[in-house]
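Everything below concerns the one structure shown next.
Since the structure is predicted, the reported quantities are computational estimates derived from the model, not experimental observations.
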Amino acid sequence: MSSLNLDDFTDLIERPDGGVRRDAEARRERQVVPPGSLGRLDDLGEWLAAAQSAVPVRPVERPRVVLFAGDHGVAELGVSARPAGGAGELVRQVLEGGRPVSVLARRLGVPVRIVDMALDCDPESLPEDVVRHRVRRGSGRIDVEDALTLQEAEAAFRAGVAVADEEADSGTDLVVLGDVSVGGTTVAGVLVAALCGVDASVVTGRGGLAIDDLAWMRKCAAIRDALRRARPVLGDQLQLLATVGGADFAAMTGFLLQSAVRKLPVVLDGVVTAACALVGQRIAFRAPDWWLAAHDSGEPGQAKALDRMALEPLLTQGVTVGEGAGGLLALPLVQAAAALAAELPEKPKESEEPETAEATDASEASEVPSEQ
């Protein structure tokens, strides 16, 4: 039995300040560029103002990429184009600067933090600050066994909460959340299908590194089998994460919820983060108000999850690589929205002088004697 009471998050999470958002909308109407002419940038600026409780909105100056990493036993079934247990190598490539997220982060000047929750590799092969939250080595094969014990799921969830607190306390003002995993899109498909009440085929995509038709069929079958195991525990979200999730999924869910508690905005990257967000919404229905969907990756499970949470992606670029790369592509858009909302000048107030002059002329005219 878990000692973690997830219901507390419902009480702890408030919506972004509605009064401040109305003030931001009023300010936008006074600016020199007509409201609506900047499209979704208007809405983004107002959302940020509400999240920050500040008008004008403050610039996003200390963003950070946070990646939770893990290997998933279901990858043994050949559901991924990458080898099972290969997420550790991806993490090393990110750390060495050779992955898309590394390149984008350097270009944008954004630090990247990787949190190993269940990589299937020797912890001594990675830096201490990466592995210190690890719960176990790899997650179970969810089509036939639980991903985690309930105690491991709780430990992973609490680790995600702790990471969110560390980021908020350090002054991070926006997080781009992503994952580094092998088998993660299969796990995400199970969670989305279970929570949305749809069949496996509806959520089965091709993954980050596209798989062929045979692998897609294996993936669909794995999601179908895991879905049978997920349905009996749908009422308990921590048990759901233990049964068909993984340590990285539990940690991301905890991170998302605690970020909402701490009023720290989060940009969701791909289908894995969307699946965790969907679990988070089940726990605390106001939490999605603190999240942005960065992009549409083309994964059907992501589209289904975002639709359920009423989150509209900012970009459509078909980026499936994961690792927060799509989230980083959306970051300049968010920063641009903040700059425009804060720095566009307001229209000058109408001067009363013309009215005074007209009144004087009328007065003088009334004093001129009329011609007989």
Side-chain angles (χ1 to χ4, degrees), residues 40-41 44-45 47-49 51-52 54 57-69 87 90-117 126-127 129-130 133 160 162-181 208 248 251-252 255-256 258-260 262-274 276-277 290-297 311 313-315 317 319-343:
R40 286 195 66 190
L41 293 176
L44 265 180
W47 175 81
L48 273 174
Q52 296 175 355
V57 65
R58 297 188 298 271
V60 177
E61 294 181 329
R62 299 190 64 181
R64 190 176 180 99
V65 178
V66 178
L67 306 176
F68 288 89
L90 291 176
V91 166
R92 280 187 283 271
Q93 291 174 18
V94 172
L95 292 172
E96 292 167 1
R99 298 295 299 170
V101 67
S102 313
V103 174
L104 292 172
R106 281 198 303 272
R107 173 61 58 181
L108 297 172
V110 181
V112 178
R113 178 180 185 179
I114 302 177
V115 185
D116 169 16
M117 297 306 304
L126 295 170
D129 63 332
V130 172
H133 288 294
V163 172
D165 282 333
E166 290 167 7
E167 292 302 324
D169 291 341
S170 70
T172 298
D173 55 11
L174 184 139
V175 170
V176 174
L177 181 64
D179 73 289
V180 183
S181 63
D248 49 346
M252 277 185 275
F255 180 90
L256 282 165
Q258 187 64 11
S259 293
R262 298 297 302 271
K263 302 183 178 181
L264 176 61
V266 177
V267 176
L268 306 175
D269 180 40
V271 64
V272 170
T273 56
C276 295
W290 294 95
W291 309 330
L292 286 175
H295 68 116
D296 177 5
S297 68
L311 295 177
L314 296 176
L315 301 172
Q317 298 296 327
V319 176
T320 61
V321 70
E323 305 164 13
L328 271 179
L329 288 174
L331 177 61
L333 200 62
V334 178
Q335 292 175 316
L340 289 165
E343 298 174 27

Check your understanding: So how far is it from Leu126 CG to Ile114 CD1, rounded to the nearest 0.5 Å?
Key -> 8.5 Å
Exercise for review: Verify side-chain contact (heavy atoms from CB on, under 4.5 Å) between Asp179 and Phe68, making sure each step is shown before the conclusion.
Suggested key: CA-CA 5 Å; Asp179 73 289; Phe68 288 89; 5.6 Å; no
Point to revise | Whether Ser102 side chain and Val94 backbone form a donor-acceptor pair below 3.5 Å | key: yes
Study note, to complete from the structure: With sequence neighbours left out, the residues meeting side chain to side chain donor-acceptor pair (under 3.5 Å) with Thr273 are none
**Study point:** Main-chain N/O of Leu314 paired to His295 side chain as donor or acceptor, under 3.5 Å
**Key:** no
Point to revise | Exercise: identify the closest heavy-atom pair between Thr172 and Leu264 | key: O-CD1, 3.2 Å
**Study point:** Distance (rounded to the nearest 0.5 Å) between Leu177 CG and Leu67 CG
**Key:** 8.0 Å
Check your understanding: Step by step, would you call Phe255 with Val115 a side-chain contact (heavy atoms from CB on, under 4.5 Å)?
Key -> CA-CA 11 Å; Phe255 180 90; Val115 185; over 6 Å; no
Exercise for review: Let me see the working for Asp116 and Val91 under side-chain contact (heavy atoms from CB on, under 4.5 Å), right down to the final yes or no.
Suggested key: CA-CA 9 Å; Asp116 169 16; Val91 166; over 6 Å; no
Practice item. Not counting sequence neighbours, list each pair that qualifies as a salt bridge (charged side-chain N to carboxylate O under 4.0 Å, His left out) and has a residue in residues 97-108. Key: Arg99-Glu323
Revision key, fill the gap. The side chain to side chain donor-acceptor pair (under 3.5 Å) partners of Asp165 (sequence neighbours excluded) come to Gln258, Arg262
Review point. Looking at Ala325 and Leu104, what are the two nearest heavy atoms and their distance?
Key: O-CD1, 3.6 Å
Revision key, fill the gap. Heavy-atom closest pair (Leu268 atom, Leu256 atom, distance to 0.1 Å) is CD2-CD2, 3.7 Å
Practice item. Mind checking side-chain contact (heavy atoms from CB on, under 4.5 Å) for Gln335 and listing every partner two or more places apart, or none if nothing turns up? Key: Val60, Pro63, Leu331
Practice item. Just jot down the side chain to side chain donor-acceptor pair (under 3.5 Å) partners of Arg64, sequence neighbours excluded, or say none. Key: Glu167
Practice item. Kindly indicate, with the supporting measurements, whether the criterion side-chain contact (heavy atoms from CB on, under 4.5 Å) is fulfilled by Leu292 and Leu44. Key: CA-CA 9 Å; Leu292 286 175; Leu44 265 180; 3.7 Å; yes
Point to revise | Partner residues of Glu166 under the side chain to side chain donor-acceptor pair (under 3.5 Å) criterion, sequence neighbours left out | key: Arg113, Arg132
Check your understanding: Would you call Val176 and Val110 a side-chain contact if the rule is heavy atoms closer than 4.5 Å?
Key -> no
Check your understanding: Under 3.5 Å, is there a donor-acceptor pair between the side chain of Asp248 and the main chain of Met117?
Key -> no
